[in-house]
Amino acid sequence: MEREEIIERLKEILLSEDDRKADLIENCTEDMSLAEDLGFNSVALLYMVIDIEESFGIRFENVGINDFETLGEVVDYIEEQLG
Amino acid sequence: MKWSPEELFFGDIARVKIGSVYHYGIFCSEQEVIAFGYPPLRIREIKDSEVRVVSTDIETFSAGNFVERAILDSAEKKRAKTPEEIVSAARARLGEGGYSLLHNNCEHFVNECVFGVRRSSQEDEARARWNKRPLFAVFVMKLPEDLEIEKLYPRERSREIFLSGNKEVKKQRYAVWKLLERAVSRCFGYSFTDLHFHKSREGKWSADEFQFSLSHTETAVAVVVSNAPCGIDVEDSERRGEYYGKHPEKLPKLISRILSEKEKETIVPESASLLDFLRIWTKKESVFKAYDGKKFIPDGIELSDYRTKTFRVLELPELILSVSGDQIDQLMVYTEENGSLKKIPAEEMEEIL
């Protein structure tokens, strides 16, 4: 799966979690911080983890909820898991 | 300053131990020792308001006890006034009142005469002891609509908040730090700028003087301060409820994901409610903040290993708060509204079990 496609699917997941942030998510970039820039708290990150697992068919093993600082780091992890 | 049982000279600080406390005075001569009050003898009980600066002879000052002379160190010698100035300052205050055991006692008096500064090691010790008492105070506040963001102490925290790209996050982080400032003033009497803050590599802030934990959500901020490890998490159940209204099928998956293997033996995710999820989640996050702070893996935390409490304040029913920490038995809760803090009595809180 191409990186661009992963990012688009990731944006869909984030939008489904909080549509108040629609503008922000549609225009977000990989270097944006999940907490600082996008305003996702730890519960929102848990939602994201579960949706990613279902959507991409991968599993976050031994990964902390707070391990990912930026959107790009999440994409890196998904890419790595998809191998 | 050291103390020695040697001959006293004009302008010296004299000290005598009576029972468990020290009584201090300025020595002028065997016939003239000036002190804030007479020696604190049990047979003579008087009110603070009646205590005056008095001149007595050495016998009365010592009440038959051993008298010691203050030996100043080199730094103190530089700061001290001359013997003439010291005695003159003491004599000028004869008859003065305003005594307070903690804030204006006989030790304050001699320090003010000798150094020009009202200071008491007895007060410092009492304050230090008080500030190290078992304490577990929670402060919670709804986020105000209008919040003007100003500079904060320390500068690094201010810069960190200023750089937040999301204006809602900026507001939350500013508000929680301001609430911490109020909490510290309330619990310890510290001025924020006298404190020593540090930031860990993981981004967690700490202070040398006490322990604290912060939490913020879309609608509220919360702080806990203690003298032992402590953690707090706050969630808005109405906000979370909006999400589950749209995706009810997700709740069991979320709960299943955060339970440890042992917890799964007693909790059935399919029959658990949103409140169950928020209770377990916020408890685990509070434990993570109190005792780890590096890697938050909820299913790796066994809640039965820790002391936690989940509750809500009845005037803020949508907020679910969990706390964890060694001094949790001392739990006190305050809310902040329009600049004033209100202590919440137990009957105005509901524990969520």
Side-chain angles (χ1 to χ4, degrees), chain A residues 9-74 76-78 81, chain B residues 160-173 202-204 215-221 233-237 239-244 246-247 249-258 269 274 277-278 280-282 284-286 288-289 292-301 320:
Chain A
R9 280 173 69 175
L10 199 48
K11 284 184 181 176
E12 283 171 25
I13 288 171
L14 297 177
L15 273 171
S16 75
E17 281 159 18
D18 192 347
D19 53 16
R20 289 189 187 88
K21 296 190 172 97
D23 281 353
L24 200 58
I25 292 167
E26 274 156 16
N27 297 310
C28 69
T29 54
E30 282 198 41
D31 60 347
M32 275 186 159
S33 158
L34 294 164
E36 298 283 331
D37 299 322
L38 297 177
F40 283 98
N41 65 9
S42 53
V43 177
L45 295 177
L46 176 69
Y47 299 162
M48 182 190 78
V49 163
I50 288 174
D51 283 348
I52 289 172
E53 287 184 344
E54 292 196 344
S55 174
F56 291 91
I58 61 170
R59 178 89 183 159
F60 284 74
E61 294 290 357
N62 199 28
V63 174
I65 299 291
N66 57 333
D67 278 1
F68 302 101
E69 171 67 26
T70 64
L71 198 67
E73 288 174 22
V74 181
D76 290 344
Y77 186 81
I78 296 170
Q81 294 297 306
Chain B
E160 184 185 271
I161 291 170
F162 181 75
L163 291 174
S164 294
N166 184 300
K167 66 177 184 194
E168 292 304 314
V169 174
K170 191 180 279 191
K171 198 166 134 181
Q172 291 166 26
R173 300 182 82 182
E202 291 78 24
K204 187 181 177 190
S215 179
H216 47 83
T217 185
E218 296 94 333
T219 57
V221 295
D233 192 38
V234 59
E235 287 292 344
D236 184 323
S237 60
R239 282 291 179 104
R240 301 282 90 84
E242 288 172 20
Y243 176 76
Y244 294 110
K246 291 182 209 158
H247 310 281
E249 76 289 353
K250 289 193 175 175
L251 192 55
K253 290 176 192 162
L254 287 166
I255 295 175
S256 177
R257 184 61 193 243
I258 64 172
L274 171 62
F277 168 66
L278 292 177
I280 298 165
W281 172 265
T282 54
K284 292 202 172 196
E285 188 152 11
S286 74
F288 159 72
K289 288 176 176 176
D292 180 342
K294 289 180 183 160
K295 202 177 184 82
F296 183 29
I297 303 180
D299 51 340
I301 295 172
I320 308 296

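So that the names make sense, note that chain A is the first sequence line, chain B the second, and so on, each numbered from 1.
Using a 4.5 Å heavy-atom cutoff, the side chains of F288(B) and I65(A) are not in contact. The closest side-chain heavy-atom distance from F60(A) to F68(A) is below 4.5 Å. A heavy-atom distance below 4.5 Å is found between the side chains of F40(A) and I25(A).
No part of Q172(B) comes within reach of chain A, as not one of its non-hydrogen atoms sits under 4.5 angstrom from that chain. Heavy-atom distances place no part of K170(B) under 4.5 Å from chain A, backbone and side chain included. Residue L38(A) touches chain B through its backbone alone, counting heavy-atom pairs closer than 4.5 Å. For a residue to count as touching a neighbouring chain, one of its non-hydrogen atoms must lie under 4.5 Å from one of that chain's; by this rule D51(A) touches chain B with the side chain only. Neither the backbone nor the side chain of E168(B) comes within less than 4.5 Å of any heavy atom in chain A. In this structure, chain A has no heavy atom under 4.5 Å from any part of L278(B). Looking at E69(A), neither its backbone nor its side chain comes within 4.5 Å of chain B, counting heavy atoms on both sides.
Note that K250(B) lies outside the cation-pi zone of F277(B), set by a 6.0 Å cut-off to the ring centre and a 45° limit from the axis.
Interatomic distance, I301(B) CD1 to E285(B) CD, rounded to the nearest 0.5 Å: 9.0 Å. Residue L71(A) holds its CG atom at 5.0 Å from CG of L10(A), rounded to the nearest 0.5 Å.
Most heavy-atom pairs under 4.5 Å with chain B, from the set G64(A), S16(A), A35(A): that is G64(A). Chain B forms more heavy-atom pairs under 4.5 Å with one residue of E36(A), E53(A), M32(A) than with any other, namely E36(A). Listed options D233(B), I258(B), V169(B), D299(B) were ranked by heavy-atom pairs under 4.5 angstrom with chain A; first place goes to V169(B).
Checking I50(A), V43(A), V49(A) one by one against Y47(A), the side-chain contact (heavy atoms from CB on, under 4.5 Å) holds for a single residue, V43(A).
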